[in-house]
2 protein chains.
Amino acid sequence: MKMKNTASDNLKTREKILSAAVDVFVKHGFNNTTIREICQEAGVNVAAVNYHFGGKDNLYVAVCKHVLGLSGNVELRGFDIDQTAPPEEQLRLFIRSLLFAILDHKKPSHEGRIMAWEMVHPTGSLDTIIKDMIRPRHEQLCAIVGALLGPGADVPLIKSTVFSIVGQCIHYRHGRPVITQLHPKQKYDPDAIEKLAEHITRFSLGGIKALAREIEE
Amino acid sequence: MKMKNTASDNLKTREKILSAAVDVFVKHGFNNTTIREICQEAGVNVAAVNYHFGGKDNLYVAVCKHVLGLSGNVELRGFDIDQTAPPEEQLRLFIRSLLFAILDHKKPSHEGRIMAWEMVHPTGSLDTIIKDMIRPRHEQLCAIVGALLGPGADVPLIKSTVFSIVGQCIHYRHGRPVITQLHPKQKYDPDAIEKLAEHITRFSLGGIKALAREIEE
DNA sequence: ATAAGTTTAAAACAATTGTTTGAATTTTTC
DNA sequence: GAAAAATTCAAACAATTGTTTTAAACTTAT
């Protein structure tokens, strides 16, 4: 018979698949990933995915759960940002965290990369991923932006501003091929990401301040 | 024999295919478009694409050329923006044009939609598309942003700022599924796009002013 | 050690999709 | 109007890919 999945499972190939799947899904997204590529990277037979996970779709949600589990508890949470810092600094930290999560190759935040993919290539499990991965950050950034815009800002304005900030960051991930052609000197090492974060922060703070000023009038 | 392609070609099915292909490519992007879907929409046989265009790839570049040709001459050019207007106004017009090009469903600017797809899903003909569609706008926006930032701004700063602006706009197209969940009230009719453009313009002008201020110091 | 189970692996399956074939049909040309 | 060229169409092909099958190899329990 099949069905076991207790704690004492033979985790070797299951984990090998999971590990390889994280890499490949994160690299190519769900649609452009083949099971055969995952299995080759994992050094296992193609049938293993269906045996251990029951299909590509289920493997993907397993990857998402696994990736979520790695970065702390499964409860909703945003980036790890000092709540006591002034909102300007919190914005800086948020943008920095997001950029490193979606861009850095050395310390890859699979969570952020999956999130970035889902934003552009939603899968069947988009709802879950929004609930667990995207929305927490969204709320977190809304709070920061709300504090910066002041009490006069209504929710639509806050959200539009949040999308403006996130859009800038995401563009560096998904628009990379074009950016590379248009600005060949752009690098993506930690130092360059740091500078990118600084630029987006300054630009966004300026934008927010301008919006806040218009509210007061 | 085959090969004709003179001006007096039988344009009926060829044009039907081209027209349908524009719609479908624009809707789903290159990868998620099947020749069968195009042919069904065009009401022609599947083989017709290969007969008239020689394959999916060639059809796509034909679509790109066609779409470029529709919106003026094939020469490089950006959006139609009054060069004599103050740069603030030019920025507003640029953002407005870009948003309408990639978002509006009523007066669809296929050109802008193809451009938006290529930014996230580059195809084999990315180079051509960048040269003819993306770069002209990029240069145009660089000029506007350069004028706004002042003479102290170096090229990398200008480009980063341009990416910040374009990123905000593109996000509303490709991040739409997520934005819909996070901000269900967001509409995309011309009026809403107008408001979106106004917001992004104000936000960006604020960001640019802040950057310009930092340069002067 | 043997039997029952679990896991692995090669091959086959089925569905999708871009492409080609070859005959039938239409259009053009003389 | 007939021959030639061009076009259309149904069917088949070939490659990719997710999934299933079936038997062999391995593990575990008695």
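Letters A, B, ... mirror the listed sequences (proteins, then strands); counts begin at 1. Only heavy atoms go into these numbers, but all of them, side chains included; no hydrogens, no water, no symmetry mates.
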Restricting to side-chain contact (heavy atoms from CB on, under 4.5 Å), what partner residues turn up for [X], sequence neighbours left out?
X: B:Arg176; result: B:Leu103, B:His105, B:Thr180, B:Tyr188
X: A:Ala20; result: A:Ile38, A:Glu41, A:Ala42
X: A:Asp127; result: B:Gln181
X: B:Arg135; result: A:Leu182, B:Ile130, B:Glu139

Options D:dT8, D:dG18, C:dG18, nucleotide nearest the side-chain atoms of A:Lys56:
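Minimum distance to the A:Lys56 side chain belongs to D:dG18.
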Identify which nucleotide among C:dT19, D:dT19, D:dT17 has an atom closest to any side-chain atom of A:Thr34, counting heavy atoms from C-beta outward.
D:dT17
Residues in contact with DNA chain C, drawn from residues 18-33 of chain A - heavy-atom cutoff 4.0 Å
none
Separation of [X] atom [atom1] from [N] atom [atom2], in whole Å?
X: A:Glu37; N: D:dT17; atom1: CD; atom2: P; value: 9 Å
X: B:Phe53; N: D:dT7; atom1: CZ; atom2: C1'; value: 14 Å
X: B:Gln40; N: D:dT8; atom1: CD; atom2: C1'; value: 17 Å
X: B:Lys12; N: D:dT7; atom1: NZ; atom2: C1'; value: 10 Å
X: A:Asp57; N: D:dT19; atom1: CG; atom2: P; value: 6 Å
X: A:Ile35; N: D:dT19; atom1: CD1; atom2: C1'; value: 8 Å
X: A:Tyr51; N: D:dC26; atom1: OH; atom2: P; value: 16 Å
X: B:Asn50; N: C:dT17; atom1: CG; atom2: P; value: 15 Å

Give each protein N/O atom lying under 3.5 Å from an N/O atom of nucleotides 9-13 of chain D, with the pair distance.
| from | atom 1 | to | atom 2 | distance (Å) |
| --- | --- | --- | --- | --- |
| D:dC9 | OP2 | B:Asn45 | N | 3.4 |
| D:dA10 | N7 | B:Asn45 | ND2 | 3.1 |

D:dT7, OP1 or OP2 - any side-chain N/O from B:Thr13 closer than 4.0 Å?
no
Can you find a side chain N or O atom of B:His52 that sits less than 4.0 Å from OP1 or OP2 on D:dA6?
no
State which residues pass ring pair (Phe, Tyr, Trp, His ring centres under 6.0 Å) with A:His174; sequence neighbours excluded, sorted by chain then number.
A:Trp117
Validation: residues 23-31 of chain A side-chain donor-acceptor distances under 3.5 Å, sequence neighbours left out:
| from | atom 1 | to | atom 2 | distance (Å) |
| --- | --- | --- | --- | --- |
| A:His28 | NE2 | A:Glu37 | OE2 | 3.1 |

Rounded to the nearest 0.5 Å, how far does CD1 of A:Ile114 lie from CE of A:Met119?
13.0 Å
So does B:Leu93 get a backbone contact from the side chain of B:Ser97, meaning a donor-acceptor N/O pair under 3.5 Å?
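It does hold such a pair.
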Sorted by first residue and then second, give each salt bridge (Lys or Arg N to Asp or Glu O under 4.0 Å) pair with at least one member in residues 186-199 of chain A; sequence neighbours left out.
A:Arg92-A:Glu198, A:Arg96-A:Glu194, A:Asp191-A:Lys195, A:Glu198-A:Arg202
